[in-house]
Amino acid sequence: MPNKQKKSILKFIIKSFKRLERLIFVLKSLVTPRQFIYFSCILVGISCALAVILLKTFAHWVYNFSQYLDAFYHLPYSNSTLPIIGILITVVIVNKFLGGSIQKGTSHIMHAVAKKRGFMPFKQMYSQIITSSFTVGLGGSAGLESPITITGAAFGSNYAQNYRLSKKDRTLLLACGVASGIAAAFNAPIAGVLFAIEVVLAEISITAFIPIMISAATGALVSTIILKESILLSFKQGEVFDYHNIPLYVVLGLLSGLVSINYSRTFRKIEHFFGNLKMGTYKKALFGASILAVLIFFFPSLFGEGYESIKTLASAHPEKILDNTLLESFKNKKWIVLTFVGITMLIKVYATGLTLGSGGNGGNFAPSLFVGSFLGFLVAQFSNFIGITKHLSVSNFTLVGMAGILSGLFHAPLTAIFLIAEITGGYNLMVPLMIVSSVSYAISKRFEPYSFDIKNLADKGEAFTNDKDRNILNSLEINDFILSDYKAVSESNSLENLVETIKHSDATVFPVLNNKKELLGLIHLDSIRHIIFSSFKIKYTSTHEVMQAPKEIISHKESIESILEKFEKTNTTILPVFKNQEFIGFIYKTMILENTGINLKK
C-alpha cells in the first residue's frame, strides 16, 4: 500500500474519532447525568470486548500453530522456544517504548481506586494488550485476564477523564471496564459483575449495579457475536450432581484452600527472588525464560493460558494430556497420567512466577483455574483409582476444582461460583460449587487475611479491603492533618520565653528546638502549671528540666492507620511529625477521628 494512501486512511480514522468525540460531548449536554452514565458504560463495554477479542484470538492462533509444529516434530520444541521469544519481545517493548516499567496484576486497579481517585495512566489502554499478547500469546505460562481487567479499567478511567466526569463516576466506569473485560473473556456477565464488586470495589451502592451490569452484558454480547466458542473457556453441562459425594467435595474444598495458600506464598517468594536478582533486564529475561522453556518441554500443558489442557481433563479422554510428551507411550496407564497431572499442578506456580518475574506480562487468574482443574481431576481420579468410589464424575470435580482455587486465591467465592456455573451452561453444580468455594475461602482467609494479589498493598494501606473503617483511613492523606504553624521554644536556662509564648498561643504542647532547628523535646502545659505561677521557678528552671522526649514519632510517609495505632499504643493525643529527620509539625488524634467517625474501641 503506498505511503500516501496509508496517511489518508490514518487521517480519516483520526477525523472519525474526533467527530465521535464531539457527538458524545453534545449528547452529554442534552441528556441527564444518569442517562449519560448508562450510555458511557455501553461504550466502555464495547471497547473492552474488542480488546478481549484481539487478545484471545491472537493467543488461540499461536497455540494452534505451536500444536501443529509439535505434532509434526512429535515433541514440544516450539512450545519451549516460543515463550523465550515472547518474553524477550515484551521486555524490549517495555524498555524501549513504555518507560522501562509496566504495572502487573489487578492490585494496581485497587490502588488507583484507593489512592489515585480512580485515575489510571493513558498508556494502560494499550500497553497491557501489546505486552501480554506477546508474553501469553507466545506461550508464557500466565493468564490474559489480569491485563484485560487493567485495560478495561483504563478505558473506563480515561473515558471519564476525557468527558470530565466526577470521581464517583470515574470509579464507576473503571469498575464497568473490569466487569465487561471478565464478562467478554468468559462469556460470563454475572461473574464479571461479581468480580468487579468482590475484587475491585470493596464497597458499592445499589445505584452502581445497573451500569456495571449493562457494561458486563455488553461485553459478553459482543464477545459471543464475534468470538468462536472454541476460543472461549466453555464446557457442556457435566454429569448430574450426586449428593452422596458431598464428603469428597468437602475434601476438595479443604485441599483447594491449602493449595491456594501454598500458591500464594510460593509465588511471592519467586517474585521476591527475581526482584533481588542482580542481573541486567535482558539477562534476567533470558535466565527466567530459559528455565520456563525447560519446564514446558517436559510439561507442555504449562504452555500459555492452559485452557486447552483444562478442556482435555474435563473430556472423556483425559489421557490425551500426555500427547506430544516424553510419556506419550504410557498414556493408557492411569497412575502415570495421575502422576503427570499432579506434578504439573504443583509446578504451575513456578512456571507463572518465572514468566512474570523474568519480565513477561500476564496474571494469575488463568493459572488459578488451571491449578484448580488439575486438583479436582486428581481428587476424583485418585478416588476411583484406589477404590473409594467406582464411578465418581471426574469432569464435575475438574470443573468445581477451578472454583475452589479461584475462591481461595482471590478471596472471591461468589465470582468463582457463578463463573463456573456460567461457563458450564447450567446451575446443576451449584451445590458442590458453593461447598468447595466456601470451604476453600474459609481455609485461605484464616491463614492469608488478604488475597495474594493485593496483600502487599493492603499491608501498606494502599488498597481498599472489606474492612470499611480501614478503607476510610486509607482514603485519608497525612498532609491534611499536619499542623505546621506551631509555636517553638528555644533551649534556655529559664522559662521566661516559654511564658511569653504561652500568653499568645492556644497550644498545650510546645516543641523545644536548638540552633539547628532540631527537636530536643516537648513541653506539655499541664506538666508545668505549678511552675509558671512562680516567678522564682520560671527564672531558675531550664527547658531541659521540664521537657519530655516524645513517646513516639511519625514519618510524613506513614499511613493514617499506622498513626492511629501509635496513638493507641502511647495513650497520647498529640505526636510530632518528621520529614527526613527534620521536625515539621504535630498531628492531633482528635482531628483524625473527627474526620473519620471511627470508634477505635469497638
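Please read these numbers as outputs of a predicted model, since none were measured by experiment.
Between Val371 and Val349, the closest side-chain pair of non-hydrogen atoms is not below 4.5 Å. Ser368 has its side chain out of reach of Tyr263: every pair of non-hydrogen atoms, C-beta onward, lies at least 4.5 Å apart. Lys445 places none of its side-chain heavy atoms less than 4.5 Å from the side chain of Ser407. Ile109 has its side chain within reach of Ile150: a pair of non-hydrogen atoms, C-beta onward, lies under 4.5 Å apart. Looking only at side-chain heavy atoms (C-beta outward), Leu172 and Leu165 stay at 4.5 Å or farther from each other. In this structure, Phe418 and Val193 have side chains that are not in contact, with every pair of non-hydrogen atoms separated by 4.5 Å or more. Residues Tyr282 and Val92 meet the side-chain proximity criterion, which asks for heavy atoms closer than 4.5 Å. No side-chain heavy atom of Lys348 sits under 4.5 Å from any side-chain heavy atom of Ser301.
Taking all atoms of both residues into account, the shortest heavy-atom contact from Leu414 to Leu194 is O-CD1, 3.6 Å. The two residues Val44 and Ser180 make their nearest non-hydrogen contact at O-OG, 4.1 Å. Scanning both residues, His411 and Ser444, for their nearest heavy atoms gives NE2-OG, 3.2 Å. Closest approach of Leu419 and Ala188 over heavy atoms only: CD1-CB, 3.9 Å. When all heavy atoms of Ala293 and Ile84 are compared, the closest pair comes out as CB-CD1, 3.7 Å. Heavy-atom minimum distance, Pro367 versus Gly143: CD-N, 3.8 Å.
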Apply the test side chain to side chain contact (heavy atoms under 4.5 Å, CB included) to residues Leu277 and Phe274: give CA-CA distance (whole Å), side-chain angles for both, the deciding distance (0.1 Å), then the verdict. CA-CA 5 Å; Leu277 198 59; Phe274 274 98; 4.1 Å; yes

Checking side chain to side chain donor-acceptor pair (under 3.5 Å) for the pair Gln161/Ser157: CA distance, chi angles, key distance, verdict? CA-CA 6 Å; Gln161 293 174 51; Ser157 174; 3.0 Å; yes

Evaluate the side chain to side chain contact (heavy atoms under 4.5 Å, CB included) criterion for residues Leu369 and Phe186: first the C-alpha distance (whole Å), next the side-chain angles of each, then the deciding distance (0.1 Å), finally the verdict. CA-CA 12 Å; Leu369 298 180; Phe186 294 101; 3.8 Å; yes

Using side chain to side chain contact (heavy atoms under 4.5 Å, CB included), reason through Ile93 and Phe134 one step at a time and then give a plain yes or no. CA-CA 10 Å; Ile93 292 172; Phe134 282 110; 3.7 Å; yes

Check the pair Leu354, Ser141 against side chain to side chain contact (heavy atoms under 4.5 Å, CB included), reporting the backbone distance first and the verdict last. CA-CA 8 Å; Leu354 288 165; Ser141 194; over 6 Å; no

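For the side chain to side chain contact (heavy atoms under 4.5 Å, CB included) test with Met402, the passing option among Val400, Leu406, Leu399 is Leu399; the others fail. Among Leu138, Val136, Ile296, the single residue meeting the side chain to side chain contact (heavy atoms under 4.5 Å, CB included) criterion with Pro83 is Ile296.
Counted within 6.0 Å of CZ on Phe97, heavy atoms from surrounding residues, nucleotides or ligands total 12 or fewer; the atom is thus considered open. In the displayed structure, Tyr38 atom OH is contacted under 6.0 Å by more than 12 heavy atoms of other residues, nucleotides or ligands.
Applying the side-chain hydrogen bond (donor to acceptor under 3.5 Å, both in side chains) test to Thr90 and every residue at least two apart in sequence or in another chain returns Thr135. Listed by chain and residue number, nothing satisfies the side-chain hydrogen bond (donor to acceptor under 3.5 Å, both in side chains) test with Thr218 (two or more places apart in sequence, or in another chain). Every residue was checked against the side-chain hydrogen bond (donor to acceptor under 3.5 Å, both in side chains) condition with Thr57, not counting sequence neighbours, and none meets it. Residues forming a side-chain hydrogen bond (donor to acceptor under 3.5 Å, both in side chains) with Thr32 (at least two apart in sequence, or on another chain): Gln35. Residues meeting the salt bridge (charged side-chain N to carboxylate O under 4.0 Å, His left out) test with Lys56, sequence neighbours left out: Glu145, Glu305.
To the nearest 0.5 Å, atom CD1 of residue Ile148 and atom CD1 of residue Ile129 are 9.0 Å apart. Taking CG of Leu173 as the start and CD1 of Ile37 as the end, the distance is 4.5 Å to the nearest 0.5 Å. Atom CG in Leu55 sits 4.5 Å away from atom OG in Ser132 (nearest 0.5 Å). Rounded to the nearest 0.5 Å, atoms CE (Met213) and SG (Cys176) are 10.5 Å apart. Ser373 contributes atom OG, which lies 10.0 Å from atom OH of Tyr307 (distance to the nearest 0.5 angstrom). Interatomic distance, CZ of Phe36 versus CG of Leu30, reported as 11.0 Å (0.5 Å rounding).
Counted by atom type alone, Tyr159 and Ser40 present one or more donor-acceptor pairs between their side chains at under 3.5 Å. Side-chain contact of Glu448 with Ser264: a donor-acceptor pair under 3.5 Å is absent, judged by distance alone. Counted by atom type alone, Gln128 and Asn361 present one or more donor-acceptor pairs between their side chains at under 3.5 Å.
Without hydrogens or angle criteria, Thr149 side chain to Ser146 main chain gives a donor-acceptor distance under 3.5 Å. Under a 3.5 Å cut-off, the side chain of Ser440 and the backbone N or O of Ser437 do not form any donor-acceptor pair. A donor-acceptor contact shorter than 3.5 Å links the side chain of Asn158 to the backbone of Met120. Panel note: side chain Ser215, backbone Ile212; no donor-acceptor pair is recorded below 3.5 Å. In this structure, Ser223 contributes its side chain and Ala49 its backbone to no donor-acceptor pair below 3.5 Å. With Lys284 contributing its side chain and Gly359 its backbone, the two residues share no donor-acceptor pair below 3.5 Å.
Residue pairs meeting the side-chain hydrogen bond (donor to acceptor under 3.5 Å, both in side chains) criterion with at least one member in residues 46-55, sequence neighbours excluded, do not occur.
You'll find the ring centres of Phe195 and Phe365 inside the 6.0 Å limit.
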